[in-house]
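To keep things clear, I will list the structure first and then write my remarks on it.
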2 protein chains.
Amino acid sequence: MKKTGVRGLAQATGLSVATISRVLNNADNVNKDTRERVLEAIRAAGYKPNPAARALATKRTRTIGAVVPTLAHSIFARFLNAVERELAQFGYALVIATTEGEPEAEERRVGELMDMGAEALILSGAEHSQALLARLDAAGVPAVCTSVCETANGLPAVGYDNCDIGRAAVTHLASVGHRRIAVLHGPKSDNDRTRLRIAGVENGARRAGVSVILQETALDVEGGVEGARALLDGTQDFSAVLCLSDVIALGVLFECNRRGLTIPKDISLMGCDDLDWAANSTPPLTTVRLPTARMGALVATSLAGLLDEDKPIRTARLEASIVERASVASPAE
Amino acid sequence: MKKTGVRGLAQATGLSVATISRVLNNADNVNKDTRERVLEAIRAAGYKPNPAARALATKRTRTIGAVVPTLAHSIFARFLNAVERELAQFGYALVIATTEGEPEAEERRVGELMDMGAEALILSGAEHSQALLARLDAAGVPAVCTSVCETANGLPAVGYDNCDIGRAAVTHLASVGHRRIAVLHGPKSDNDRTRLRIAGVENGARRAGVSVILQETALDVEGGVEGARALLDGTQDFSAVLCLSDVIALGVLFECNRRGLTIPKDISLMGCDDLDWAANSTPPLTTVRLPTARMGALVATSLAGLLDEDKPIRTARLEASIVERASVASPAE
DNA sequence: TTGTAGGCGTTATCAG
DNA sequence: CTGATAACGCCTACAA
């Protein structure tokens with residue numbers, strides 16, 4: 001009866017499993033003819049190495065896990081898209097886990113990913129529970145924090161400076177003359193990036209001598225609509241609204257349209273992310289472009305570099321840039 | 001010296017590996033006290049079963065692969081989000097592969113997924129290369145086609161009826177009085193769902209006795225803008241534009257805003273997908289709601305059912321429904 | 001209820 | 001350059 005796997009090939013070729021294994025991993029020390037013979041047998045048998053057996057023997061799974069809040073926000077989807085594309089280049093598979101808005105789930109998800117053999121992990125943001133960190137280094141599993149450019153827990157980070165982003169955004173608004181700026185942002189709780197951006201906004205406002213009105217809302221279009229309503233129906237005065245996420249800005253845009261407010265004549269609008277519709281909206285949205293795709297690619301190459309040639313991961317700070325379009329103008333009066 | 005794995009635990013507890021393994025897989029035939037003792041040892045040792053070894057012994061990886069065109073379109077991201085959530089309930093990991101707009105890459109990606117041990121695959125659309133199909137059943141790897149409700153290749157499908165969707169959409173438009181309808185759709189090549197929707201549109205138009213103007217464009221907001229321009233600058237007359245994807249509709253909405261055309265007074269607009277902004281746009285978008293999340297969940301449970309209790313996957317046709325909002329009205333004339 | 005022993009398919013270490 | 005053979009860590013008949 002035909003044996004399976006390398007054994008079968010060994011039998012078929014009259015060689016030993018060692019030799020088969022060698023050509024499988026293209027080791028150099030194998031006779032050209034022998035190799036050809038093996039290759040032929042492999043082809044003939046339609047042989048595929050068993051990944052589990054290989055993983056067991058090598059202790060490498062070539063799998064990397066990523067845990068993100070959700071895939072439903074295109075910012076994460078775009079990021080993971082880039083990660084996946086790049087990881088594939090290096091022969092790594094990406095397995096995804098979402099926390100669906102319960103940050104407490106992060107540790108659990110990380111555990112599941114580790115339990116299924118992930119060799120490294122991609123995390124969102126800089127803050128992670130002590131338990132999670134403990135687990136990581138108990139198992140010696142490397143991890144990278146993303147969307148941030150520094151952490152206080154020893155993990156490397158690959159991302160952008162959220163504080164700077166907030167600061168740059170208000171500064172830009174102030175520079176064209178806005179003195180009172182409404183700032184719409186997503187939930188602060190469990191989102192260090194939002195908190196960082198807000199801190200940057202406050203810092204920038206102070207420096208520029210302008211005042212900000214902070215308003216928290218849900219991180220989606222509806223949240224933008226509601227935030228705009230609260231702001232517009234409120235008693236506070238402002239000439240521009242800065243949204244710390246483009247999705248929120250889209251809601252504001254819609255709500256302004258609804259009220260017959262024209263942007264940027266009646267009110268200036270600025271976002272953050274530079275989602276794909278931003279260049280095509282009416283008016284085109286001035287926003288902060290986040291290097292999402294570059295970040296994804298860099299995370300992937302960093303991880304591959306670490307795993308394949310154990311180059312330590314260097315924390316990287318990618319530049320975000322303001323892209324001026326038509327939704328911001330100098331205030332009227 | 002301490003041994004590793006189950007062997008170590010066996011030694012530590014004075015039991016045999018078999019017993020350890022039994023409690024690990026919570027077999028019922030193990031003494032309550034014994035089990036407790038093992039559990040304690042496991043806790044004490046911080047023991048984690050090695051997934052590769054387990055996979056090797058059981059021939060199960062508890063991993064499912066999905067190949068989608070991209071994660072950058074929220075329709076796929078939302079779908080996979082649902083798949084992931086549900087799969088996690090059953091203890092399966094989701095590994096994702098994207099084809100990034102080269103459909104020829106699908107077979108390669110499928111191969112990679114199989115080579116890394118995926119037990120089943122989730123495919124997009126009903127059409128797949130012969131080679132891919134051959135590979136699947138050569139390896140005996142089950143697969144489901146999604147976003148469609150039937151296939152001609154023997155694979156089960158879980159999704160919706162795209163033809164019906166197109167038909168329902170024009171029919172709706174016709175029912176409120178539109179006689180000439182412009183239809184904006186994404187690339188037909190390599191997208192059977194789009195082709196199906198178009199077929200439905202044509203069929204519905206014929207039945208309702210209305211005429212359609214088909215226009216292909218890129219499947220993104222910019223594509224919508226450009227499509228709208230082509231249509232609006234063209235010589236053909238129409239009172240409504242039906243977009244076979246909401247992203248395209250968003251572009252049309254923006255372009256109409258830009259031209260001072262008000263929807264639905266000057267022109268009616270209808271989309272397809274029901275993305276999250278659709279309910280909040282100005283005006284709120286009338287669209288066809290695709291059961292993306294339900295589809296994802298069903299795909300996941302179907303696969304789990306097949307793998308865990310080998311219940312064959314039943315092709316399922318999920319209902320899409322028109323959600324009437326304010327972007328469609330009877331034509332003026 | 002518990003233990004023994006063999007196998008899952010590769011890789012890797014030594015010899016030859 | 002090639003071949004035995006022992007891991008790798010877990011599961012699972014078959015026995016006891």
Side-chain angles (χ1 to χ4, degrees), chain A residues 1-39 41-42 45-63 91 114-117 119 139-140 308, chain B residues 1-42 45-63 91 114-119 139-140 308:
Chain A
M1 173 228 159
K2 274 224 141 125
K3 312 205 62 163
T4 58
V6 288
R7 230 115 165 166
L9 294 176
Q11 192 164 295
T13 55
L15 292 164
S16 73
V17 295
T19 303
I20 307 293
S21 181
R22 286 189 189 101
V23 346
L24 243 30
N25 301 288
N26 24 222
D28 43 334
N29 52 342
V30 53
N31 184 303
K32 199 126 172 51
D33 295 349
T34 311
R35 151 160 304 155
E36 214 40 72
R37 189 143 57 94
V38 175
L39 255 20
I42 287 180
Y47 166 83
K48 291 287 182 193
N50 176 317
R54 175 170 292 184
L56 179 56
T58 59
K59 301 181 181 310
R60 308 272 283 97
T61 58
R62 300 204 78 79
T63 286
M114 289 176 33
D115 289 351
M116 73 140 316
E119 294 187 52
D308 290 344
Chain B
M1 175 227 157
K2 274 224 139 118
K3 312 204 67 161
T4 58
V6 288
R7 221 88 120 216
L9 293 176
Q11 191 164 299
T13 55
L15 293 164
S16 74
V17 294
T19 303
I20 307 293
S21 180
R22 284 186 191 104
V23 347
L24 244 31
N25 301 290
N26 25 204
D28 43 335
N29 53 342
V30 52
N31 184 304
K32 199 127 170 50
D33 295 349
T34 312
R35 153 161 301 156
E36 213 41 69
R37 189 142 59 95
V38 175
L39 254 22
E40 177 49 33
I42 287 179
Y47 167 83
K48 291 287 181 192
N50 177 319
R54 175 171 299 191
L56 179 56
T58 60
K59 298 179 181 315
R60 310 272 283 96
T61 59
R62 298 203 78 76
T63 286
M114 287 175 35
D115 288 350
M116 71 141 315
E119 294 187 51
D308 290 345

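Lettering of chains follows the sequences in order, A, B, ..., and the numbering in each one begins at 1.
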*Considering residues at least two apart in sequence or located in another chain, which fulfil the salt bridge (charged side-chain N to carboxylate O under 4.0 Å, His left out) criterion with B/R22?*
none
*Have a look at B/T58 and say if it touches a base, only the backbone sugar-phosphate, or nothing, with a 4.0 Å heavy-atom cut-off.*
sugar-phosphate
_Distance check needed: C/dG9 P versus A/L9 CG, whole Å only._
12 Å
*Distance from B/T34 atom OG1 to B/N29 atom CG, nearest 0.5 Å?*
11.0 Å
*Sequence neighbours excluded, every pair satisfying salt bridge (charged side-chain N to carboxylate O under 4.0 Å, His left out) that has a member inside residues 46-58 of chain B*: A/D115-B/K48
*asked:* Measure CZ/B/R7 against P/C/dA5 and give the value in whole Å, please.
replied: 12 Å
_How long is the straight-line distance from CZ of A/R7 back to OG of A/S16, given to the nearest 0.5 Å?_
11.0 Å
_Check: B/D33 main-chain N/O paired with B/N31 side-chain donor or acceptor under 3.5 Å_ = yes
*asked:* Quick check for you: to the nearest 0.5 Å, what is the distance between B/T61 atom OG1 and B/L56 atom CG?
replied: 12.0 Å
*If you walk 5' to 3' along DNA chain D, what is the first nucleotide with an atom under 4.0 Å of a heavy atom in chain A, and what is the last?*
D/dC1 to D/dG9
_Shortest side-chain distance from A/T4, nucleotide among C/dA12, C/dG9, C/dG7_ = C/dG9
*Take atom CD of A/Q11 and atom P of C/dG9, then tell me their distance rounded to the nearest Å.*
14 Å
_Inter-residue atom distance B/T13.OG1 - B/I42.CD1, 0.5 Å rounding_ = 9.0 Å
*B/A57 or A/T19: which one's nearest nucleotide on DNA chain C is closer to the 5' end?*
B/A57
*Using the test side-chain hydrogen bond (donor to acceptor under 3.5 Å, both in side chains), find all partners of A/E36 that sit at least two apart in sequence or belong to another chain.*
none
*Given DNA chain C, 5'-ward residue of the pair B/N29 and A/A18, judged by closest heavy atom*: B/N29
*Looking across every strand, which nucleic acid part, if any, lies under 4.0 Å from A/G14 by heavy atom: base, sugar-phosphate, or nothing?*
sugar-phosphate
*Less than 3.5 Å between a donor and an acceptor, one on the side chain of B/R22 and one on the base of C/dG3, is that the case here?*
yes
*State, to the nearest 10°, the angle formed by the axis through the first five base pairs of the helix from C/dT1-D/dA16 to C/dG16-D/dC1 and the axis through its last five.*
30°
*Check DNA chain C against residues 48-55 of chain A and give the residues with a non-hydrogen atom under 4.0 Å, in numerical order.*
A/K48, A/P49, A/N50, A/A53, A/R54
*Ionic contact status for B/D308 with B/R62, cut-off 4.0 Å*: yes
*asked:* Taking any heavy-atom pair under 4.0 Å as a contact, classify B/L15: base, sugar-phosphate, or nothing.
replied: sugar-phosphate
*Output the distance between atom OG (B/S21) and atom CG (B/L15), rounded to the nearest 0.5 Å.*
12.5 Å
*Under 4.0 Å between any heavy atoms, over every strand shown, what does A/V6 touch: base, sugar-phosphate, or nothing? Just pick one.*
base
*Answer yes or no: is there a donor N or O on one side and an acceptor on the other, between the side chain of A/N25 and the main chain of A/A27, under 3.5 Å?*
no
